[in-house]
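Written out below as structure tokens is the structure these notes cover.
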Amino acid sequence: MKMFMLKSICLAAIMLIAVLTCMQLASSGIQKMKGYEDPNFETAVSFHEKDNTVKASILGKDISSHDIAAKKKKLEELSAFNFFSSMGKKLSNGITSASEKLIQFIAE
């Protein structure tokens, strides 16, 4: 009986060590896949107080705040009218008003 218990405890300890080792390997593999330790993936952001500009470097390509502002303006122009968004708003307003009328009818 003591020998069986000793074997069981040793087996449980070996399995615990194996599970912890595999979890560590999986964690480091996920970090490598996301690129946290990748020296090629560098991001640098700097703010210049003289002319109030922000400059960023992503993957070796320089981006200034003027580029960001132009892209933001372009995105706003592209998404100025979204058919599905407007239809969703109309549908939600209709459902809201209908449910309010139903609640008022039940309350009276």
Side-chain angles (χ1 to χ4, degrees):
M1 183 72 168
K2 289 183 181 181
M3 190 64 159
F4 177 73
M5 188 177 246
L6 183 64
K7 286 182 182 180
S8 297
I9 291 173
C10 288
L11 183 62
I14 289 171
M15 289 178 67
L16 177 67
I17 292 170
V19 166
L20 292 176
T21 304
C22 290
M23 287 176 64
Q24 181 63 37
L25 288 172
S27 175
S28 64
I30 289 172
Q31 286 181 351
K32 284 181 185 177
M33 190 170 65
K34 285 185 177 179
Y36 292 130
E37 301 295 325
D38 191 3
N40 295 327
F41 184 72
E42 295 180 9
T43 304
V45 177
S46 62
F47 177 72
H48 299 284
E49 292 183 18
K50 293 178 183 176
D51 52 358
N52 289 333
T53 60
V54 177
K55 292 189 178 183
S57 174
I58 299 174
L59 294 174
K61 183 178 179 184
D62 292 332
I63 300 173
S64 68
S65 60
H66 300 292
D67 295 339
I68 295 171
K71 287 181 182 181
K72 183 178 178 182
K73 185 177 179 182
K74 184 177 179 182
L75 283 173
E76 287 175 355
E77 290 173 359
L78 288 175
S79 64
F81 179 73
N82 188 346
F83 175 74
F84 294 109
S85 177
S86 64
M87 290 303 294
K89 287 178 184 177
K90 288 179 184 178
L91 180 66
S92 67
N93 289 337
I95 291 173
T96 301
S97 64
S99 61
E100 286 175 355
K101 289 179 183 179
L102 180 65
I103 290 172
Q104 287 177 357
F105 178 74
I106 294 172
E108 292 177 357

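Other cluster members for Met23: Val19, joined by side-chain heavy-atom distances under 4.5 Å among Ile, Leu, Val, Met, Phe, Trp and Tyr. Using a 4.5 Å cut-off between side-chain heavy atoms of Ile, Leu, Val, Met, Phe, Trp and Tyr, Ile95 falls into a hydrophobic cluster with Leu91. Membership of the apolar cluster around Ile106 extends to Leu102, as traced through chained side-chain contacts below 4.5 Å between ILVMFWY residues. By the 4.5 Å side-chain criterion applied to Ile, Leu, Val, Met, Phe, Trp and Tyr, Ile9 is assigned to a cluster that also includes Met5.
Remark: Thr21 engages Ile17, Leu25 in a side chain to side chain contact (heavy atoms under 4.5 Å, CB included) (not counting sequence neighbours). Partners of Ser85 by side chain to side chain contact (heavy atoms under 4.5 Å, CB included), not counting sequence neighbours, listed by chain and number: Asn82, Lys89.
Interatomic distance, Ile103 CD1 to Glu100 CD, rounded to the nearest 0.5 Å: 7.5 Å.
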